[in-house]
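First the structure, in the form of structure tokens, and then the observations on it.
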There are 2 protein chains.
Amino acid sequence: MEKPVELNHSECTGILRPIRDALDVLNGKWKLPIIVALTFGEKRFSEIAREVHGITDRVLSKELQDLTMNGLVKRTVEDTFPVKVTYALTPHSKSLDEVIEALRKWGVLHREIILKGSSGE
Amino acid sequence: MEKPVELNHSECTGILRPIRDALDVLNGKWKLPIIVALTFGEKRFSEIAREVHGITDRVLSKELQDLTMNGLVKRTVEDTFPVKVTYALTPHSKSLDEVIEALRKWGVLHREIILKGSSGE
DNA sequence: AATAGCGCTATCCTTTTAGATAGCAAACCG
DNA sequence: CGGTTTGCTATCTAAAAGGATAGCGCTATT
């Protein structure tokens with residue numbers, strides 16, 4: 001009996017990490033809806049809050065921080081009025097388009113397959 | 001004042017649903033590692049448990065059920081010995097390859113961008 | 001003066017997810 | 001007989017995600 005080959009495992013961990021990263025960036029109920037809201041142009045906090053139905057300020061704030069830290073959203077403060085804070089998608093966020101499109105296409109295909117009940121046979 | 005235009009929203013909900021579906025299918029700490037384990041051929045429950053380090057039986061069982069329900073994994077029971085249950089990837093799971101590759105590529109790109117600190121500018 | 005809008009943050013609570021531990025029936029091994 | 005392997009399931013707990021509510025400093029409107 002030889003030792004099981006673990007090379008695979010460490011190799012795959014390396015392959016898995018970026019996939020995990022990507023999934024994490026998009027994960028959660030709200031990240032995509034927020035991104036979609038911003039594809040129609042830059043918006044203020046309360047505009048996003050109004051557009052993404054059901055989200056609370058607390059969660060929106062946190063999600064915007066996440067997206068900003070991930071370089072997908074740019075936060076801009078003008079100290080004119082009380083304050084005006086606008087959020088906009090960054091150029092980097094454009095690179096997500098392919099990923100999102102791949103996910104969408106697969107989601108549609110998957111739904112068909114599941115509904116057909118053919119379970120991949 | 002007019003009612004805010006909600007057409008966008010419902011349209012986008014429709015677009016978002018398959019994306020959500022796809023993300024859900026891959027989500028969680030263990031789905032990808034399990035899929036990877038099975039790419040090297042069909043395996044028994046305890047083999048997967050051994051290969052996917054850190055997972056508990058309870059969680060593995062649930063994840064395999066999820067994957068099976070989603071038609072990505074096929075469960076086969078032979079009632080020979082105590083019982084022999086094998087799990088294997090289905091043809092449908094192959095269709096995930098493009099998605100996974102898109103995620104992986106983006107994950108790598110994303111890591112570069114974040115490390116450069118250029119935050120998408 | 002009272003109210004409402006702005007962009008948050010703080011506190012609390014519920015739901016979801018996952019880890020830890022144990023057990024079970026059947027059957028083989030010694 | 002006692003112990004082990006197999007493929008789970010049950011119960012309990014911990015941690016994470018997300019919702020509800022409230023409040024803050026500031027100002028323009030009423």
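Lettering of chains follows the sequences in order, A, B, ..., and the numbering in each one begins at 1.
- In this structure, A:I55 places its CD1 atom 11 Å from C1' of D:dG19, rounding to the nearest Å.
- Distances shown here put every side-chain N or O of A:S46 at or beyond 4.0 Å from the OP1 or OP2 atom of C:dG5.
- When the side-chain nitrogen and oxygen atoms of A:S61 are compared with OP1 and OP2 of C:dT9, one or more of them lie within a distance under 4.0 Å.
- Here the C1' atom of nucleotide C:dT17 and the CG atom of A:L23 are 16 Å apart, to the nearest Å.
- For the OP1/OP2 pair of C:dC8 and a distance below 4.0 Å, the side-chain nitrogens and oxygens of A:R75 include at least one atom meeting the criterion.
- Across C:dG19, D:dC8, D:dT6, the shortest atom-to-atom separation from the side chain of B:V59 is found for C:dG19.
- Atom CG in A:L64 sits roughly 8 Å away from atom P in C:dC8 (whole-Å rounding).
- One interatomic measurement links the two molecules: CD1 of A:I48 to P of C:dC8, which rounds to 9 Å at whole-angstrom precision.
- Per the geometry, NZ belonging to A:K62 stands 11 Å off P belonging to D:dG19, to the nearest Å.
- With 3.5 Å as the limit, one finds no donor-acceptor pair spanning the side chains of A:D21 and B:H110.
- For A:L60 and D:dA20, the CG to C1' distance is 16 Å, given to the nearest whole Å.
- Looking at heavy-atom distances under 4.0 Å, A:G28 makes contact with sugar-phosphate atoms alone, never a base.
- A:S61 places no side-chain N or O within 3.5 Å of a backbone atom of A:D57 that could act as its donor or acceptor partner.
- A sub-4.0 Å separation between OP1 or OP2 of D:dG7 and a side-chain N or O of B:Q65 is absent.
- Checking the phosphate oxygens (OP1, OP2) of C:dT17, no side-chain nitrogen or oxygen of B:W30 falls inside 4.0 Å.
- Residue side chain B:R58 does not reach the base of C:dT17 through any donor-acceptor N/O pair under 3.5 Å, judged by distance alone.
- Between B:H92 and A:W106, the two ring planes are parallel [angle under 30°; tilted spans 30° to 60°].
- Atoms CZ (B:F45) and C1' (D:dT9) sit 10 Å apart, rounded to a whole Å.
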Report task. Kindly indicate, with the supporting measurements, whether the criterion salt bridge (charged side-chain N to carboxylate O under 4.0 Å, His left out) is fulfilled by B:E47 and B:R44. Result -> CA-CA 5 Å; B:E47 289 176 306; B:R44 310 177 59 166; 5.2 Å; no
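- Distances shown here put a side-chain N or O of B:K29 below 4.0 Å from the OP1 or OP2 atom of C:dG19.
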